[in-house]
2 protein chains.
Amino acid sequence: MEIIIDIDDPVPLFSQLMEQIKQAVLDGKIKAGDALPSIRQLANDLDINSKTVAKSYRLLERDNVIQTKGYRGTFVHPDAKVNSMIDLNTTIFEHLSKVIEVLRDRGATDSEIRIAFGTVMNNRKD
Amino acid sequence: MEIIIDIDDPVPLFSQLMEQIKQAVLDGKIKAGDALPSIRQLANDLDINSKTVAKSYRLLERDNVIQTKGYRGTFVHPDAKVNSMIDLNTTIFEHLSKVIEVLRDRGATDSEIRIAFGTVMNNRKD
DNA sequence: ATATGTACCATGCATCATACTGGTACATAT
DNA sequence: ATATGTACCAGTATGATGCATGGTACATAT
């Protein structure tokens with residue numbers, strides 16, 4: 001599995017990593033049950049921080065593309081291939097596009113939309 | 001019509017101006033058809049940039065609170081009172097809140113939502 | 001001449017949130 | 001001893017954004 005990280009790419013490192021692992025699954029380069037490099041190992045190889053790799057792994061596990069088994073390491077999820085085709089980001093993009101289109105039609109300024117968005121995101125009431 | 005602008009107020013100047021004009025309409029201090037000070041005149045009185053006043057006027061016209069008649073000046077909109085009670089920003093906030101709540105429930109990370117949002121905002125296809 | 005709204009050019013400043021980094025620590029198990 | 005994922009503390013830097021500013025110019029009309 002060859003991973004290439006470009007620090008000059010505007011795409012965040014953790015996103016690049018996620019995409020490439022997903023792609024590797026889709027290409028069949030890694031298959032269900034295969035072991036993935038450990039977080040620290042991969043971070044060392046790619047010369048990036050382990051927290052960044054951990055972030056990618058955490059999100060990939062949320063998407064059921066990989067599975068972590070504690071001290072035993074991380075493995076490709078049984079349904080990885082199917083789940084790699086599902087892109088949550090696409091869903092997010094579509095939902096947001098719809099709303100923003102409506103708001104723009106109502107005359108809302110991009111500036112106003114951005115400000116309101118920031119307000120919503122920073123006011124979590126958990 | 002007394003307008004008071006506080007440059008130390010964290011609320012943007014153009015927002016302060018919009019709010020006070022709306023409030024003046026609601027209070028009946030200015031009524032439909034009344035003439036408003038010209039952009040340059042008001043900017044001079046308040047000692048702020050004319051572009052800032054122009055911005056407030058532009059947004060107030062979008063909200064149908066005022067009406068500009070080219071070289072003749074700016075006047076209070078016939079339906080100003082009704083439209084002054086409507087706050088577009090509230091609408092924007094509500095729409096965005098709904099969508100974001102849905103996305104979060106689906107497991108979307110704030111990070112992912114923000115990235116997608118940025119993508120949508122920067123990809124206008126007009 | 002004077003004044004209206006509007007449009008374009010542009011810049012400085014402050015703010016904010018992200019992404020990334022680093023260090024330390026823990027329970028787990030080999 | 002070594003390694004796993006995970007968690008907490010924290011700081012930095014980069015970029016994006018909004019706000020406000022300035023100057024100039026135009027067509028319009030009094």
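Just so it is clear, the values below take in all heavy atoms, side chains as well, and ignore hydrogens, waters and symmetry mates. Just so we're on the same page: letters track the sequence lines, and every chain starts at 1.
B:E61 comes within 4.0 angstrom of sugar-phosphate atoms only, judged by non-hydrogen atoms across all strands, and of no base. Contact annotation for B:T74: backbone-only contact, meaning every heavy-atom pair under 4.0 Å involves sugar-phosphate atoms and none involves a base.
When both distances must be under 3.5 Å, the Watson-Crick or G-U wobble mate of C:dT30 is D:dA1. In this structure D:dG18 sits in a base pair with C:dC13, meeting the Watson-Crick or G-U test at under 3.5 Å. Here C:dT24 sits opposite D:dA7 as a Watson-Crick or G-U wobble pair (both hydrogen-bonding atom distances under 3.5 Å).
Rounded to whole Å, the distance from CG on B:N44 to C1' on D:dG22 is 15 Å. In this structure, CG of A:D8 is placed 15 Å from C1' of C:dA19, rounded to the nearest angstrom. In this structure, CG of B:N122 is placed 9 Å from C1' of D:dA16, rounded to the nearest angstrom. Rounded to whole Å, the distance from CD1 on B:I113 to P on C:dA19 is 12 Å. In this entry the distance linking CD1 of A:I48 with C1' of D:dA13 reads 17 Å, nearest Å. In this entry the distance linking CZ of A:R58 with P of C:dA19 reads 11 Å, nearest Å. Distance, B:L60 CG to C:dG5 P: 13 Å, rounded to whole Å. In this structure, A:Y71 places its OH atom 18 Å from P of D:dA7, rounding to the nearest Å.
Proximity of A:T68 to the phosphate of D:dT6: a side-chain N or O atom is located under 4.0 Å from OP1 or OP2. Distances shorter than 4.0 Å separate none of the side-chain N or O atoms of B:K55 from OP1 or OP2 on D:dA20. Remark: B:K69 is not in phosphate contact with C:dG5, judged by side-chain N or O atoms under 4.0 Å from OP1 or OP2. Taking only side-chain nitrogens and oxygens, A:S111 never comes nearer than 4.0 Å to OP1 or OP2 of D:dT17. Contact annotation: B:N49 side-chain N/O to D:dG22 OP1/OP2 distance is under 4.0 Å. Dashed line: the shortest gap from a side-chain N or O of A:R72 to OP1 or OP2 of D:dT4 is not under 4.0 Å.
At a threshold of 4.0 Å, the pair A:R62-B:E112 counts as salt-bridged, since one of the basic side-chain nitrogens sits closer than that to a carboxylate oxygen.
Positionally, the nearest nucleotide of DNA chain C for B:Q41 lies more toward the 5' end than for the other of B:Q41 and B:E112. Closest-nucleotide positions on DNA chain D for B:D47 and B:G118 were compared, and the one nearer the 5' end corresponds to B:G118. Nucleotides of DNA chain C nearest to B:I115 and B:A54 differ in position, and the one nearer the 5' end is that of B:A54.
When atom types are taken as modelled, the side chain of B:N64 and the backbone of B:N83 share no donor-acceptor pair closer than 3.5 angstrom. Side-chain atoms of B:D63 do not come within 3.5 Å of backbone N or O of B:V65 as any donor-acceptor pair.
Using modelled atom types, one finds no donor on one side chain facing an acceptor on the other under 3.5 Å when comparing B:S38 with B:Q41.
A continuous path of ILVMFWY side-chain contacts below 4.5 Å connects B:L96 to B:L88, so both sit in one hydrophobic cluster.
Comparing D:dG18, C:dT21, D:dC19 against the side chain of A:L13 picks out C:dT21 as the nearest. For B:T52, whose side chain is taken as the heavy atoms from C-beta onward, the closest listed nucleotide among D:dG5, C:dG5, D:dA20 is D:dA20.
The environment of CG in A:D6 is crowded: more than 12 heavy-atom neighbours from other residues, nucleotides or ligands sit within 6.0 Å.
At a cut-off of 3.5 angstrom, counting only N and O atoms as typed in the model, there is a donor on one side and an acceptor on the other between the side-chain of B:R40 and the base of C:dT6.
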